Protein chains: 2
Amino acid sequence: MNLKQLAHMLALSQTTVSRALNGYPEVNEETRRRVMDAAKRHGYRPNPSARRLATGKSGMIGYVLPTGNAVDIDPHFVEFLSGLGDYARSHDLDLVLSPADADDQETTYRRIVANRQVDAVYISSPRPADSRVALVSTLGIPFIVHGRSEGFDFEYPYLDIDNEGAFHEAARLLVQLGHRRLALINGDDRETFAIHRERGVRRALAASGLTLGERHVCSLVMTEENGYRAARRLLEASDAPTAIACSSLIMALGVVRAVRDLGLSIPGDVSLIAHDDVFPWLKPENFSVPLSTTRSSIRLAGARVAERLAARISGLEEGARGEVWPVDLVIRGSVAGAPA
Amino acid sequence: MNLKQLAHMLALSQTTVSRALNGYPEVNEETRRRVMDAAKRHGYRPNPSARRLATGKSGMIGYVLPTGNAVDIDPHFVEFLSGLGDYARSHDLDLVLSPADADDQETTYRRIVANRQVDAVYISSPRPADSRVALVSTLGIPFIVHGRSEGFDFEYPYLDIDNEGAFHEAARLLVQLGHRRLALINGDDRETFAIHRERGVRRALAASGLTLGERHVCSLVMTEENGYRAARRLLEASDAPTAIACSSLIMALGVVRAVRDLGLSIPGDVSLIAHDDVFPWLKPENFSVPLSTTRSSIRLAGARVAERLAARISGLEEGARGEVWPVDLVIRGSVAGAPA
DNA sequence: CCATGAAGCCAAAGCGCTTTGGAAGACTCT
DNA sequence: AGAGTCTTCCAAAGCGCTTTGGCTTCATGG
């Protein structure tokens, strides 16, 4: 059942039927009702390919997926996707993942924009002065950055959590508890979030005249193994920290293992706070010692990004509005006063 | 730059240019060269929307993503996606995720097929007599099932690992080591993979005249917490098992925690084998006691599924070929002889 | 009573590609 | 030389929708 048939069946022109269905004003309400009725009864659904060719709109949002043999997709992605998908579903949006060589995403961005394959895109894991942000910005397609980039002479729309604030609060708490040697086991510090977190920790320490030692900050891909290695290295040193802030639950698993391997205890010898993106399959309260966290649901962020993308597509949202979500500091058993 | 312009510029018809570019035989090789040359020089790329409208082919593969507030996407998904994306990239395929109400995926399948939004789909986490398999099969779109369904009177193409064989081997090893009371901490037993794994364990036990006690098999969503609870319940019982087979590394984290909480040790009191889908961020060899596993890279499976989908789209693969991959049994420190 | 404008509808021209149904010319064969 | 056969190209008809630019009809106001 296509438009032509439907129009014929109603003894109307395609024009009128199309307009009736799309809510244009120049059609009699009575007629519109007839049309919508018939459309529903016959299960008419406009062919998206045709519509897309005519309008240039695809009803899809895009994501350029960096791939490659040595490229691992962040497990956070799936949670973000849950939220995004949940919103997208209720608004008839599909999501298209365009795999790209991790080292040349530009080509792919240009392609999907030039081909009008998607109506909007989002960018994740941005770095300072991220070339994707600049690119997409000049390409003129609606977009939102999940996270933040920095160092541009222009504004852009983003959704980020207050990473600096979160880690500032976490570090401040630890300092208040008497800790003097803090360490930060961070994610890849080429990404903005990691930079912000480090900044937060430093600021909190500075407020008490402390500093974050060069060897007390690690920046690594967030795997369990890296968490272990980093913690082990930190704790075996002569100036071992008495408290650790850690950028992910997965790394925290490794930290806990290292602490145990060294015959130390949490929070007796080391206090630990980690960032929790709220996975359904790994919960900080279930760590052997319940883990204190800075918590922010990445899933909700996904839903919000989808919502804002939809708003931008339909013109409801404009301009370069940045949105920063506060982060909860959740205290559990893994922090205590500094050992004597 | 569109076809019309390119044709005009070459003083050829659109027909000829189109044919030259698409490798049809009825065009002079000399002409073809000229055309391809000009196309490349001017960066001509056929508009996919137009092509799709004309041909009905989209160059995309589809996945119906179950969503909902209470629906969690399996973290395995992201690894599978890595593989899929990696292959897709090298073959200019995009992936479209169509979010659907988890309880009504049929509507979405029908839509994407009717609209010819994708050239092929894959189905994951199938259950016995999975309605999606039956549906997609009648809809007549190329597809592959990742995993297996059962109980149909027709064949269908799938890619699965030998879950039964893997757990059979694992259980057999444990029995050989003298264990008499095994337990299985399984995934959701509405899914085929879990059924197969249980079958494998039972078969191995039966071969030695043993059985899997009713209370010795747990079937739960694969979270750390569920692993903990299950293990705790098992090990606190009077007929506690001396060996546990576990369906996921994430659950195994919980198992390990439970064992420790109970003051027991691995492998002294309990031997443990888990299935490893090979995550980059959590490795069995890094468990406090290196974990024995049944190992199969879900990422490779993703790449293979993409490869086969591409083959089916282009007609290179036909029929209902099922493909079952063997699973490695990797012995590490977490298994030992049964306690006296 | 005619000009004016709004309301409601339509025919047709795109959107940019593929594909059908020739047609012209070159070549082979008898 | 004439008939048949390739080879190589083209004009035009889709694919199914949106949108432009009218064209009626009818009510309104001077």
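Note on naming: letters A, B, ... go to the chains in the order of the sequence lines (proteins, then strands), and numbering restarts at 1 for each one. None of these values were measured; they are calculated from a predicted model.
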Engineer: Would you jot down, in residue-number order, the residues of residues 46-53 of chain A having a non-hydrogen atom under 4.0 Å from DNA chain D?
Structural biologist: A/Pro46, A/Asn47, A/Ala50, A/Arg51
Engineer: Go through the side-chain N and O atoms of A/Thr192 and A/Arg148 and say whether any donor and acceptor fall under 3.5 Å apart.
Structural biologist: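 Side-chain D/A pair, A/Thr192 to A/Arg148: absent.
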Engineer: Nearest 0.5 Å, what's the CD-CZ distance between A/Glu317 and A/Arg312?
Structural biologist: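 So the CD of A/Glu317 and the CZ of A/Arg312 are separated by 4.5 Å.
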Engineer: Taking atom types as modelled, find out whether B/Thr16 and B/Ser13 have a side-chain donor-acceptor pair closer than 3.5 angstrom.
Structural biologist: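 Side chains of B/Thr16 and B/Ser13: pair found under 3.5 Å.
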Engineer: Which of residues 22-30 of chain A sit near DNA chain D, with a heavy atom under 4.0 Å from it?
Structural biologist: A/Asn22, A/Tyr24
Engineer: Find the distance between CD1 (A/Ile298) and NE2 (A/His76) and round it off to the nearest 0.5 Å.
Structural biologist: 6.0 Å
Engineer: Centroid separation under 6.0 Å, is that true for the rings of A/Tyr122 and A/Tyr158?
Structural biologist: no
Engineer: Restricting to nitrogen or oxygen on both sides, can you table the protein-nucleotides 10-14 of chain C pairs closer than 3.5 Å?
Structural biologist:
{"residue": "C/dC10", "atom": "OP2", "partner": "A/Ser13", "partner atom": "N", "Å": "2.8"}
{"residue": "C/dC10", "atom": "OP2", "partner": "A/Ser13", "partner atom": "OG", "Å": "3.1"}
{"residue": "C/dC10", "atom": "OP2", "partner": "A/Thr16", "partner atom": "OG1", "Å": "2.8"}
{"residue": "C/dC10", "atom": "N4", "partner": "A/Arg19", "partner atom": "NH1", "Å": "2.8"}
{"residue": "C/dA11", "atom": "N7", "partner": "A/Thr15", "partner atom": "OG1", "Å": "3.4"}
{"residue": "C/dA11", "atom": "N6", "partner": "A/Thr15", "partner atom": "OG1", "Å": "2.5"}
{"residue": "C/dA12", "atom": "N6", "partner": "A/Thr15", "partner atom": "OG1", "Å": "3.3"}

Engineer: Within residues 108-120 of chain A, which residues have any heavy atom lying less than 4.0 Å from an atom of DNA chain D?
Structural biologist: none
Engineer: Would you kindly give the CZ-to-P distance between A/Arg45 and D/dC17, to the nearest whole Å?
Structural biologist: 12 Å
Engineer: What's the CG-C1' distance between A/Asn2 and D/dG16, to the nearest Å?
Structural biologist: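 Answer to the nearest Å: 6 Å.
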Engineer: Pick out the pairs of N or O atoms, protein on one side and nucleotides 23-25 of chain D on the other, that lie under 3.5 Å.
Structural biologist:
none

Engineer: Does the distance from a Lys or Arg side-chain N to an Asp or Glu carboxylate O, for B/Asp86 and B/Arg89, drop under 4.0 Å?
Structural biologist: yes
Engineer: Quick check for you: to the nearest 0.5 Å, what is the distance between A/Leu10 atom CG and A/Leu6 atom CG?
Structural biologist: 5.0 Å
Engineer: Would you call A/Glu323 and A/Arg308 a salt bridge, taking side-chain N to carboxylate O under 4.0 Å as the test?
Structural biologist: yes
Engineer: Please list, one pair per line, the donor and acceptor atoms closer than 3.5 Å that link side chains of residues 45-53 of chain A to other protein atoms, with sequence neighbours excluded.
Structural biologist:
{"residue": "A/Asn47", "atom": "OD1", "partner": "A/Ser49", "partner atom": "N", "Å": "2.7"}
{"residue": "A/Asn47", "atom": "OD1", "partner": "A/Ala50", "partner atom": "N", "Å": "3.0"}
{"residue": "A/Arg51", "atom": "NH2", "partner": "A/Asn22", "partner atom": "OD1", "Å": "3.3"}

Engineer: Just wondering, are more than 12 heavy atoms of other shown residues or ligands nearer than 6.0 Å to CD in B/Glu26?
Structural biologist: yes
Engineer: Grab the NZ-P distance between B/Lys4 and D/dC10 for me, whole Å please.
Structural biologist: 15 Å
Engineer: Does the gap between the ring centers of B/His91 and B/Tyr87 come in under 6.0 Å?
Structural biologist: yes
Engineer: May I ask you to check whether B/Tyr63 and B/Phe143 place their ring centres under 6.0 Å from each other?
Structural biologist: no
Engineer: C/dA7 P sits how many Å from A/Arg32 CZ, rounded?
Structural biologist: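 Checked: the CZ to P distance equals 13 Å.
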Engineer: For A/Leu21 and D/dT18, what is the distance between atoms CG and P respectively, to the nearest whole Å?
Structural biologist: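 Distance check: A/Leu21 CG to D/dT18 P gives 8 Å.
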Engineer: Taking NZ, NE, NH1 and NH2 as the nitrogens, is one of them in A/Asp104 or A/Arg110 under 4.0 Å from a carboxylate oxygen of the other?
Structural biologist: no
Engineer: Taking 4.0 angstrom as the limit, do B/Glu30 and B/Arg34 come out as a salt bridge?
Structural biologist: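 Salt bridge: no.
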Engineer: Out of the candidates B/Val27, B/Asn28, B/Leu21, only one should pair with B/Val35 under the side chain to side chain contact (heavy atoms under 4.5 Å, CB included) rule; please name it.
Structural biologist: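 Answer after filtering B/Val27, B/Asn28, B/Leu21: B/Leu21.
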